[in-house]
Amino acid sequence: MATNRLSLLVIAISAVIVTAYATIDADENIEFSYLGEKGPDKWANLAPTFKACRDGKAQSPINIVQGKTTPGNTNTTFDKSYSSANATLVNNGFNVAVHFEEIAGVMTVDGKNYSFLQMHWHTPSEHQMEGKSSDAELQLVHKAQDGSIAIGVILYNVGNGDTFLARIQGKLKELDGEKCGIDEHSHISLGKIGTKQLRTSTRKFYRYNGSITAPPCTENVTWIIFGKTRGISKQQIELLKAPMEPAFKNNSRPVQPDNGRVVELNNALKKD
């Protein structure tokens with residue numbers, strides 16, 4: 001898979017909900033990297049539409065310091081209702097993702113519904129807790145009818161294997177074996193897959209306003225970082241990294257200044 005075929009983040013920020021994902025058409029062929037001349041500190045120079053990567057005031061990821069958080073509203077409500085859906089495992093070149101071909105459930109925050117469209121992994125984590133990265137981060141991408149984006153985050157440290165990854169482990173190996181041409185992505189059908197393992201057993205989560213974490217670094221994204229860290233095996237981390245070119249095996253954007261943004265610490269009422 002040639003490095004120069006790597007394209008803009010395939011993320012639901014511009015997706016049509018019924019198709020679950022789409023590229024951002026204007027910039028889909030603009031290459032970026034996590035190392036070197038096209039690395040994170042150079043993203044803003046790659047295209048005029050990437051200026052937010054440098055000039056934005058609400059960029060992600062951030063370092064979360066619990067002592068600096070603000071207690072969330074006591075009336076905050078949170079619910080995740082996920083279901084089985086047809087899905088495709090995708091090597092985007094810069095991450096491994098699962099794209100749902102139909103809505104795979106809904107996340108509701110304070111009465112607003114966000115449809116679950118796709119998820120993708122970063123190794124190591126992009127968000128930090130108390131200045132420390134976790135071994136991996138799963139980002140669950142949701143979109144509301146008004147076009148707004150909410151991304152849930154599950155952090156992982158090496159330990160017992162993750163049950164969801166265990167279910168698709170064979171498909172991950174198959175994905176690594178596929179060879180891509182220029183401007184192509186690898187796709188492996190997962191069929192109808194359940195998302196029960198993605199439910200969280202914690203009431204604790206952090207919420208703040210940020211951006212997507214790859215070009216064009218679009219802002220006004222609601223981030224929800226779940227407070228309970230999960231286990232992931234070393235083998236599973238290697239499977240997520242294996243299809244990536246060297247410049248993308250560690251596909252985490254450095255933490256960004258918080259610029260005085262409020263980070264809420266919630267222990268919300270929820271159904272999960």
Task: Stepwise side chain to side chain contact (heavy atoms under 4.5 Å, CB included) test for Leu138 and Tyr156 - done: CA-CA 8 Å; Leu138 174 60; Tyr156 295 83; 3.6 Å; yes

Task: side chain to side chain contact (heavy atoms under 4.5 Å, CB included) evaluation trace for Val96 with Val90 - done: CA-CA 6 Å; Val96 170; Val90 181; over 6 Å; no

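By the salt bridge (charged side-chain N to carboxylate O under 4.0 Å, His left out) test, Lys112 pairs with Asp146, sequence neighbours left out.
For an aromatic pair to be called close, the ring centres must be under 6.0 Å apart, and Tyr208 with His127 satisfies this. The distance between the ring centers of Phe32 and Phe50 does not fall below 6.0 angstrom. The distance between the ring centers of Tyr34 and Trp43 falls below 6.0 angstrom.
Contact of the Leu239 side chain with the Asp176 side chain is not registered, since no non-hydrogen atoms from C-beta on lie closer than 4.5 Å.
Across all their heavy atoms, Cys53 and Ala44 have their closest contact at CB-N, 4.2 Å. Scanning both residues, Ser134 and Leu155, for their nearest heavy atoms gives OG-CB, 3.8 Å. The heavy-atom pair separating Cys217 from Ala52 by the smallest distance is O-CB, 3.7 Å. Minimum heavy-atom separation, Pro243 to Leu240: CD-O, 3.6 Å. Heavy atoms only, all atoms of each residue included: Pro216 and Thr49 are closest at CB-O, 3.3 Å. Residues Ser83 and Gly105 come closest through the heavy atom pair OG-N, 4.0 Å.
Between Gln139 and Glu137, the side chains place a donor N or O and an acceptor N or O closer than 3.5 Å (distance only, hydrogens not considered). Side-chain N/O atoms of Arg54 and Asn45 include a donor and acceptor closer than 3.5 Å. Looking only at atom types and distance, the side chain of Asn113 has a donor-acceptor partner in the side chain of Thr108 under 3.5 Å away. Side-chain atoms of Gln128 and Ser133 form a donor-acceptor pair, as typed in the model, at a separation below 3.5 Å. A side-chain donor-acceptor contact under 3.5 Å links Thr88 and Glu101. For the residue pair Tyr206 / Gln66, a side-chain donor-acceptor distance below 3.5 Å is found, with atom types taken as modelled.
To the nearest 0.5 Å, atoms CG (Asn266) and CD1 (Ile224) are separated by 8.0 Å. Within the model, atoms CG of Leu175 and NZ of Lys173 stand 13.5 Å from one another, a figure rounded to the nearest 0.5 Å. Leu190 contributes atom CG, which lies 6.0 Å from atom CD1 of Ile168 (distance to the nearest 0.5 angstrom). Here the straight-line distance linking atom OG1 of Thr163 with atom CD of Gln236 works out to 8.5 Å at 0.5 Å rounding. For the atom pair OH of Tyr114 and CD1 of Ile103, the computed distance is 15.0 Å after rounding to the nearest 0.5 Å. Note: Leu165 CG to Ser233 OG = 8.0 Å, rounded to the nearest 0.5 Å.
The closest donor-acceptor contact from the side chain of Glu126 to the backbone of Arg253 lies under 3.5 Å. Side chain of Ser211 to backbone of Ser60: a donor-acceptor contact under 3.5 angstrom is found. A donor-acceptor contact shorter than 3.5 Å is absent between the side chain of His99 and the backbone of Ala97. Judged purely by atom type and a 3.5 angstrom limit, Asn95 has no side-chain atom pairing as donor or acceptor with the backbone of His120. The main-chain N or O of Lys241 is found under 3.5 Å from a side-chain atom of Lys249 such that the two form a donor-acceptor pair. When atom types are taken as modelled, the side chain of Thr123 and the backbone of Ala136 share no donor-acceptor pair closer than 3.5 angstrom. With hydrogens and angles disregarded, a donor-acceptor distance shorter than 3.5 Å links the side chain of Asn63 to the backbone of Gly131.
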List the atom pairs, donor and acceptor, that lie under 3.5 Å between side-chain atoms in residues 256-264 and the rest of the protein, sequence neighbours left out.
residue, atom, partner, partner atom, Å
Gln256, NE2, Pro254, O, 2.8
Asp258, OD1, Gly260, N, 3.0
Asn259, ND2, Lys57, O, 3.1
Arg261, NE, Asp258, O, 3.0
Arg261, NH1, Gln59, O, 3.1
Arg261, NH1, Asn209, O, 2.9
Arg261, NH2, Gln59, O, 2.7
Arg261, NH2, Pro257, O, 2.9
Glu264, OE1, Arg207, NH2, 3.3

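The pair Lys38-Glu31 counts as a salt bridge, with a side-chain nitrogen and a carboxylate oxygen less than 4.0 angstrom apart. Note on Lys192 versus Glu102: salt bridge recorded, some NZ/NE/NH1/NH2 to OD/OE distance being below 4.0 Å.
Summarising the local packing, CG of Asn160 is surrounded by 12 or fewer heavy atoms from other residues, nucleotides or ligands at distances under 6.0 Å. The number of heavy-atom neighbours closer than 6.0 Å to CD of Glu130, taken from other residues, nucleotides and ligands shown, is above 12.
Under a cutoff of 6.0 Å and an axis angle of 45°, Lys80 and Phe226 form a cation-pi pair.
In the hydrophobic cluster analysis, where Ile, Leu, Val, Met, Phe, Trp and Tyr join through side-chain heavy atoms closer than 4.5 angstrom, Val141 is grouped apart from Val106.
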